[in-house]
Novice: 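Starting off with a structure, shown below.
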Amino acid sequence: MSKTVERTEMRSITSPGFAMQVDKAKYDAMKDALLAAIPAGKPGLTIAEIKERTLPLLPEERFPGGAKAGWWLKGVQLDLEARGLIARENVKPLRLHRL
């Protein structure tokens, strides 16, 4: 008997109109961790700093040993940008902050 995995839509700011269905539990876990790690307002944090703060916040049962966390971090980051919850600064290295 296979388990049914609840799905949710993940968008991308880099591909307007595109959306994919992903595992809702993993999406929600990464979204919660990212929003907790990313500060409100400028100058924000670099992706490396965000990853460092995010990994300890992820549930081990969803991301054992941090497995696939990088893919989920980038995907949810782009989704949150598309939804207007976080923004990027036009600097190098890239910095993100909550709106």
Novice: Please round to the nearest 0.5 Å and tell me the distance separating atom CE of Met20 and atom CZ of Arg7.
Specialist: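 Output value for this atom pair is 8.0 Å.
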Novice: Under the side-chain contact (heavy atoms from CB on, under 4.5 Å) test against Leu73, which residue among Leu34, Leu58, Leu55 passes?
Specialist: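 In the set Leu34, Leu58, Leu55, the residue that makes a side-chain contact (heavy atoms from CB on, under 4.5 Å) with Leu73 is Leu34.
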Novice: Check the surroundings of atom CD in Gln21: do more than 12 heavy atoms from other residues, nucleotides or ligands lie under 6.0 Å from it?
Specialist: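 Result for CD/Gln21: enclosed.
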Novice: For the residue pair Ala29 and Phe63, what are the closest heavy atoms and their distance?
Specialist: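 Looking at all heavy atoms of both residues, the shortest contact is CB-CE1, 4.1 Å.
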Novice: Hey, does Glu49 have a side-chain heavy atom less than 4.5 Å from the side chain of Leu96?
Specialist: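 No; the side chains remain at least 4.5 Å from each other.
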Novice: Assigning hydrophobic clusters by single linkage (Ile, Leu, Val, Met, Phe, Trp, Tyr; side-chain heavy-atom cutoff under 4.5 Å), is Trp71 placed with Ile13?
Specialist: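 In one cluster: no.
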Novice: Please assess Arg11 against Glu9 for the test salt bridge (charged side-chain N to carboxylate O under 4.0 Å, His left out), listing each intermediate value before the final yes or no.
Specialist: CA-CA 7 Å; Arg11 303 174 192 169; Glu9 182 178 276; 3.2 Å; yes
Novice: Taking all atoms of both residues into account, what is the closest heavy-atom pair of Ala36 and Leu57, and its distance?
Specialist: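 In terms of heavy atoms, the two residues are closest at CB-CD1, 4.0 Å.
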Novice: What heavy-atom pair brings Pro39 and Gly44 nearest, and what distance separates the two atoms?
Specialist: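 Heavy atoms of Pro39 and Gly44 come nearest at CG-CA, 3.8 Å.
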Novice: Do Arg62 and Glu60 sit within salt-bridge range, that is, some charged N less than 4.0 Å from a carboxylate O?
Specialist: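 Glu60 and Arg62: not salt-bridged.
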Novice: Starting at CZ of Arg88, measure out to CG of Leu78 and round the result to the nearest 0.5 Å.
Specialist: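 Nearest 0.5 Å value for the CZ-CG distance: 6.5 Å.
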Novice: If I take atom CG from residue Asp28 and atom CD from residue Glu6, how far apart are they, to the nearest 0.5 angstrom?
Specialist: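 Reported value, rounded in 0.5 Å steps: 8.0 Å.
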Novice: Quick one: pull up CD1 in Ile86 and CG in Leu35 and give me the separation to the nearest 0.5 Å.
Specialist: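 Spacing of CD1 (Ile86) from CG (Leu35) equals 7.5 Å.
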Novice: At their closest point, which heavy atom of Tyr27 faces which heavy atom of Arg83, and how far apart are they?
Specialist: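 Looking at all heavy atoms of both residues, the shortest contact is OH-NE, 3.7 Å.
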Novice: Evaluate the side-chain proximity of Gln77 to Ile47: yes if any heavy-atom separation is below 4.5 Å, no if none is.
Specialist: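 Ile47 vs Gln77: side chains touch.
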Novice: Tell me, do Leu45 and Ile38 make a side-chain contact under 4.5 Å, heavy atoms counted?
Specialist: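 No. Closest side-chain heavy atoms not under 4.5 Å.
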Novice: In sequence, state the C-alpha distance, the side-chain angles, and the governing distance for Val22 and Thr8, and then conclude on side chain to side chain contact (heavy atoms under 4.5 Å, CB included).
Specialist: CA-CA 5 Å; Val22 297; Thr8 193; 4.0 Å; yes
Novice: Determine whether Met30 and Thr54 make a side-chain contact, defined as any pair of heavy atoms from C-beta on separated by less than 4.5 Å.
Specialist: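 Touching, per the 4.5 Å side-chain cut-off.
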Novice: Rounded to the nearest 0.5 Å, what separates atom CD1 in Ile50 from atom CZ in Arg95?
Specialist: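 One gets 8.5 Å once the value is rounded to the nearest 0.5 Å.
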Novice: CE/Met10 to CG/Asp23 distance, rounded to the nearest 0.5 angstrom?
Specialist: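 Atom-to-atom, Met10:CE and Asp23:CG are 10.5 Å apart.
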Novice: Spell out, yes or no, whether Leu80 and Phe18 are grouped together once hydrophobic residues are joined by side-chain heavy atoms under 4.5 Å, including indirect joins.
Specialist: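 Yes, because Leu80 and Phe18 connect within a single hydrophobic cluster, where side-chain heavy atoms sit under 4.5 Å apart.
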